[in-house]
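One-based numbering, in listed order, for ligands and for the atoms of each.
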Amino acid sequence: MSVLHIADVTKTFSGGTNAVDSFSLDVADGELVCLLGPSGSGKSTLLRMVGGFEQPNSGRITIDGEEVTHLPPERRPTGMVFQSHALWTHMNVFKNLAFGLKLRRMPAAQIREKVEAVLELVGLAGYGDRMTTQLSGGQQQRVALARSLVLEPKILLLDEPFASLDQHLRERLREEVRDIQQRLKITTLFVTHGQDEALSMADRIVVMANGKTEQIDRPDVVYRDPKTPFVAGFIGTMNLIEGEVSNGIFVRSALTVPLPIADGPATLAIRPEALDLSASDIPKASVHRVTDYGSHGLVDLDLADGTRVKSMVAHPDMLRAGQGVDLLPRAFAAYRNNQQIYRS
Ligand SMILES: Nc1ncnc2c1ncn2[C@@H]1O[C@H](COP(=O)(O)OP(=O)(O)OP(=O)(O)O)[C@@H](O)[C@H]1O
Ligand SMILES: [Mg+2]
């Protein structure tokens with residue numbers, strides 16, 4: 001059982017930056033939670049506080065019911081992998097991994113056994129004698145991961161561990177890490193600003209902005225039902241259209257959509273795949289550009305006032321730039337004062 005409990009944690013740096021602001025989160029035993037947010041939203045600061053590399057101004061962090069808020073890193077049951085992997089370059093792979101175990105005074109035979117098992121786990125069996133400088137970037141990241149895993153932490157903390165790698169390798173490594181995490185059932189907090197990474201790996205995603213939680217949900221829910229306009233705009237592609245509601249009708253330029261909410265300003269959120277187009281005598285938008293991706297097409301459209309919207313279509317060859325079309329939203333949500341107030 002390894003449960004991480006973060007309660008009302010705040011970190012203000014000297015100079016007044018509120019990096020993390022009254023943040024709370026519970027991570028269940030064996031769960032992988034992704035912290036997802038734009039640069040500067042406080043993800044690393046939060047992770048560093050869990051790992052003991054940064055002290056919160058207020059709040060509590062407990063692991064399995066034991067308070068660790070003010071313990072130094074080496075006295076916490078956590079293992080952290082940093083973005084810049086920081087392996088010891090004067091040691092070979094084996095020694096990098098054995099170091100922490102030696103500090104714990106583990107017998108040599110047992111150290112060898114453990115290191116070999118963990119190298120096998122990360123796909124680097126037989127690499128013990130290599131110097132870390134003789135490894136590729138992806139292999140170095142795997143050594144960094146192995147170095148954390150070999151100490152059998154209760155909580156694994158990963159801060160954008162694949163950020164420096166190319167797309168292809170990143171995709172492969174995140175699958176491997178997910179596999180390892182599930183096999184070991186290790187409770188994990190994973191920081192990323194890549195939404196694909198979060199959507200594909202996480203049991204739950206915490207979307208962060210300005211040191212606060214915007215939404216905590218399963219990946220599919222975050223995508224299908226974003227609770228704030230920020231999340232709606234941050235995850236996937238979304239048309240966010242500002243307009244006015246009057247007598248149950250949302251209006252922006254020539255676009256009108258029935259919206260049964262009180263009169264006033266509103267932001268309409270429609271996914272491109274939920275915005276159908278049809279030929280019309282009274283067009284609401286004109287086609288700006290059609291991009292054919294083979295499997296589908298993406299159409300950029302302009303409302304009369306210049307507002308740009310996007311639609312995903314099955315047959316892009318039917319459309320031409322300059323053509324007028326009607327817009328038919330199949331599913332949408334509406335936001336007011338930063339809150340979702342309607343969902344079709
Ligand atoms: N040691 C520090 N001293 C002062 N301000 C800091 C320090 N570390 C971080 N900050 C500030 O705190 C805020 C949050 O930073 P943090 O590194 O947690 O963001 P992040 O979400 O990890 O961003 P990124 O995706 O770019 O890594 C930023 O405004 C940053 O400038
Ligand atoms: Mg960071």
A.B. asks: Under a plain distance cut-off of 3.5 Å, with no hydrogens placed, do Gln323 and Arg320 share a side-chain donor-acceptor pair?
C.D. replies: no

A.B. asks: With hydrogens left out, which residues have an atom under 4.0 Å from ligand 1, given that only heavy atoms count?
C.D. replies: Phe13, Thr17, Ala19, Pro38, Ser39, Gly40, Ser41, Gly42, Lys43, Ser44, Thr45, Glu160, His193

A.B. asks: Answer yes if the ring centres of Phe82 and Phe53 are under 6.0 angstrom apart, and no otherwise.
C.D. replies: yes

A.B. asks: Short check: any N/O/S atom of Ser39 below 2.8 Å from the Mg ion (ligand 2)?
C.D. replies: no

A.B. asks: Regarding Thr307 and Arg252, do their side chains bring together a donor and an acceptor under 3.5 Å, going by distance alone?
C.D. replies: yes

A.B. asks: Rounded to the nearest 0.5 Å, what separates atom OG in Ser2 from atom CG in Asp64?
C.D. replies: 4.0 Å

A.B. asks: Give a yes or no on whether the backbone of Ala28 and the side-chain of Glu31 come within a donor-acceptor separation of less than 3.5 Å.
C.D. replies: yes

A.B. asks: Taking the six-membered ring of Phe94, is NZ or CZ of Arg112 closer than 6.0 Å to its centre and within 45° of its axis?
C.D. replies: yes

